[in-house]
Structures are given as C-alpha cells and as structure tokens.
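All of these numbers come straight from a predicted model, not from anything done at the bench.
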Amino acid sequence: MSATPPPFLQFLGVSRCCLGAVSLLPLPGSPLYRPDFAAIQARAEQEALAFASGGADALLLENPFDGADEDRLDPAAAMALALVARRVA
C-alpha cells in the first residue's frame with residue numbers, strides 16, 4: 001500500500017517533484033534594498049531558467065536576504081515578490 005502524497009504534490013499532480021528555490025535579492029521595503037529592481041528581476045529570471053533547464057518541476061520564491069522582521073512582510077516587498085513571480089512564471 002502506498003502513502004498518499006502531501007497536498008502540494010497532489011496539487012501538482014505528481015507523486016514526487018524537484019522544487020527550485022529562487023533566492024531574491026533584497027526587496028523594496030527591506031532595510032537592505034538597493035534601488036535596482038531590474039537587477040532583482042534579472043537574477044530571479046536567471047535562477048528560474050537554470051532550475052527549469054535542470055528539470056525542476058516547480059519554483060519557490062524566497063526573500064532570505066531582506067534582513068527584515070520575519071513576522072511581517074512590508075507591503076512594498078509583497079508587491080515586488082508578486083511582480084517577480086509573474087515575470088518568472
């Protein structure tokens with residue numbers, strides 16, 4: 001008897017997958033942001049393409065370099081994250 005896959009795998013319609021984690025540069029609203037949103041998007045696209053060419057099934061966008069409070073996401077960072085997600089989708 002096989003175990004039921006976790007919900008995210010059921011959503012993807014697979015029994016296993018390779019997730020690629022795209023680590024974004026500091027986003028607007030974070031203390032470490034440098035005003036160059038084009039560079040953030042370009043790096044995210046480069047990482048996403050590398051994962052896609054390597055066979056990744058899905059991407060996870062994360063913002064580990066923000067240096068922000070982990071309990072709260074600045075609205076500007078949330079919007080920037082959405083724009084990058086749209087760009088790399």
query: What salt bridge (charged side-chain N to carboxylate O under 4.0 Å, His left out) pairs are there with at least one residue in residues 76-89, not counting sequence neighbours?
result: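 Residue pairs with at least one partner in residues 76-89: Glu45-Arg87.
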Shortest non-hydrogen contact between [X] and [Y], atoms and distance:
{"X": "Pro28", "Y": "Ile40", "value": "CD-CD1, 4.4 Å"}
{"X": "Ser23", "Y": "Glu62", "value": "OG-OE2, 2.7 Å"}
{"X": "Cys18", "Y": "Gly55", "value": "CB-O, 4.4 Å"}
{"X": "Leu27", "Y": "Ala80", "value": "CD2-CB, 4.1 Å"}
{"X": "Thr4", "Y": "Gln10", "value": "CG2-NE2, 3.0 Å"}

[X] side, atom [atom1]; [Y] side, atom [atom2] - distance, nearest 0.5 Å:
{"X": "Leu60", "Y": "Phe51", "atom1": "CG", "atom2": "CZ", "answer": "9.5 Å"}
{"X": "Leu19", "Y": "Phe8", "atom1": "CG", "atom2": "CZ", "answer": "6.0 Å"}
{"X": "Leu25", "Y": "Gln41", "atom1": "CG", "atom2": "CD", "answer": "11.5 Å"}
{"X": "Asp74", "Y": "Leu81", "atom1": "CG", "atom2": "CG", "answer": "12.0 Å"}

query: Is there a side-chain contact between Phe65 and Ser30 (heavy atoms, below 4.5 Å)?
result: no
- prompt: With side chains defined as the heavy atoms from C-beta onward, is the minimum distance between Val88 and Val22 less than 4.5 Å?
  reply: no
query: Is there a donor-acceptor contact under 3.5 Å from the side chain of Asn63 to the main chain of Asp66?
result: no
query: Step by step, would you call Leu59 with Glu47 a side-chain contact (heavy atoms from CB on, under 4.5 Å)?
result: CA-CA 10 Å; Leu59 295 175; Glu47 286 189 28; over 6 Å; no
